[in-house]
There are 2 protein chains.
Amino acid sequence: MSEPLAYIVDDDEAMRDALNWLLRSRQVKTATWPSAEAFLAEWHEDLSGCLILDIRMPGMSGLELFDQLQDRRCLMPVIFLTGHGDIPQAVAALKKGAYDFLEKPFDDNSLVDRVIAALAVDSARRSKQIHSDEITARLAQLSPRERQVMQHILAGKFNKVIADEMQIAMRTVEVHRARIFEKMGVRSAVDLAQLLAGIKNQ
Amino acid sequence: MSEPLAYIVDDDEAMRDALNWLLRSRQVKTATWPSAEAFLAEWHEDLSGCLILDIRMPGMSGLELFDQLQDRRCLMPVIFLTGHGDIPQAVAALKKGAYDFLEKPFDDNSLVDRVIAALAVDSARRSKQIHSDEITARLAQLSPRERQVMQHILAGKFNKVIADEMQIAMRTVEVHRARIFEKMGVRSAVDLAQLLAGIKNQ
DNA sequence: GCGCGCACTGCGGATATCCACAATTGTCGA
DNA sequence: TCGACAATTGTGGATATCCGCAGTGCGCGC
């Protein structure tokens, strides 16, 4: 988990420098990249922050980079900058999940406000993701049989009913149940249901 | 719950007729309104479908109507149409929750596809809302005391612990518990947790 | 062969949950 | 005043959950 930065990707060095200076004047840490390819080559999922992305660049475009990042489940909010955009392009980007879309020239304060807001969004997303990853790791510790028993538990069934349906002894259900609670770090079926509900709607 | 329609709001009668004809040719039912005020006067929360909304109209604008509808918790997806829009306007509308944003003149097929997609979104939202309303109605049936006990149950506590914390007899906790499950239509604390989790993330 | 993990089982005892039956008290509205 | 509802409580009995202790069998890797 790296420190949150605003990542600036633009082939225009003057623009990179201007954005760099602007954001740093508002205490936002930055890193800059001259091309989509260069950024992508160094991207990894633990980079945190947001991405300020020029659309029109030689080689890979901003939109193409965005697609690539989405394919890789990148969580960072993306703010598109464009000097020659149009409404359909803006609408399509936002509907695809981009965080914002600005035309150049832009209002300095407005841009920084949006970057700061995007960083907050990233932070919230990342906290959720860390939590979700932890639960997923616990689930991965369950044996196949435990997983089956867990589904029945979550369906609110009595141990006796579970035993009947799985054609095993009730004592066995109890053993699996205890092991599930232990591995999942919960003390009751309600705790378990709440824990799993918390990652289900993400 | 009325039948799902595409509601067309545009001051330009020729546009209303053209949209009407276009959508009906693809079996989409429609209704038309010549002004934002006229639509708003007849709007009620059980109207289902989607809204095709011209931005620029005399009197109340499409954007103002959108704000009004959001204030009233309107679920219908809104598709904005504009002959004179710009990127910031489109971005702002989408970030505020509009479903789509199209420039005139538009591609006929593209518009109808988006309307059909918006109708599906409305349908899904409405199903969720009906379910959520039902749970909320059940919750409204609980007495104040029952509500308190329910929070403890959902925290996974033993009846004995709940009794201690609330300074009542364990038998009283059991009575409340049984009443809660009955009113909520569940048979166990797990069922209850799952039921409430289902409406929590909406 | 040995150790480990998984799946399974039984016994006995303790605690938790559930509930029929019964009752009391207080508040509110007709 | 009366009836409905909410909050509370006790008794006794049935069922459900939990678990220590003990054990078996199978598959897998070293």
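Reminder, nothing fancy here: chain letters follow the sequence lines and each chain counts from 1.
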Rounded interatomic separation in angstrom, taking CZ from A:F158 and P from D:dT17: 6 Å
Would one find a side-chain N or O of A:N159 under 4.0 angstrom from OP1 or OP2 of D:dA16? no
What is the distance, to the nearest angstrom, from the CE atom on B:M170 to the C1' atom on C:dA16? 7 Å
Separation of D:dA7 atom P from B:Q148 atom CD, nearest Å, is 9 Å
Please work out which residues in residues 175-194 of chain B have a non-hydrogen atom less than 4.0 Å from an atom of DNA chain D and list them by number. B:V175, B:H176, B:R179
Assess whether one donor atom and one acceptor atom, taken from the side chain of B:E174 and the base of C:dC19, lie less than 3.5 Å apart. yes
Does any donor atom in the side chain of A:Q68 or A:R72 lie under 3.5 Å from an acceptor atom in the other side chain? yes
Tell me: CG of A:L142 to P of C:dC6, nearest whole Å? 10 Å
Which part of the nucleic acid does B:S143 contact within heavy-atom distance under 4.0 Å: base, sugar-phosphate only, or nothing? sugar-phosphate
Anything under 30° is parallel, anything over 60° is perpendicular, the rest tilted; go ahead and classify A:F80 against A:F101. tilted
Rounded off to whole Å, could you give me the NZ-to-P distance for the A:K160 and D:dC18 pair? 16 Å
Do you see a donor-acceptor pair shorter than 3.5 Å between the side chains of B:R126 and B:Q129? no
Nearest whole angstrom, please: distance from the P of D:dA6 to the CD1 of B:I168. 16 Å
Separation of A:R171 atom CZ from C:dA14 atom P, in whole Å? 16 Å
Take A:D113 and A:R26 through the salt bridge (Lys or Arg N to Asp or Glu O under 4.0 Å) test and state the conclusion after the steps. CA-CA 9 Å; A:D113 289 344; A:R26 290 271 296 270; 2.8 Å; yes
Is there a donor-acceptor pair closer than 3.5 Å between any side-chain N or O of A:E103 and the backbone N or O of B:P88? no
So, using side chain to side chain donor-acceptor pair (under 3.5 Å) as the criterion, who are the partners of A:R171 when residues are at least two apart? A:E174
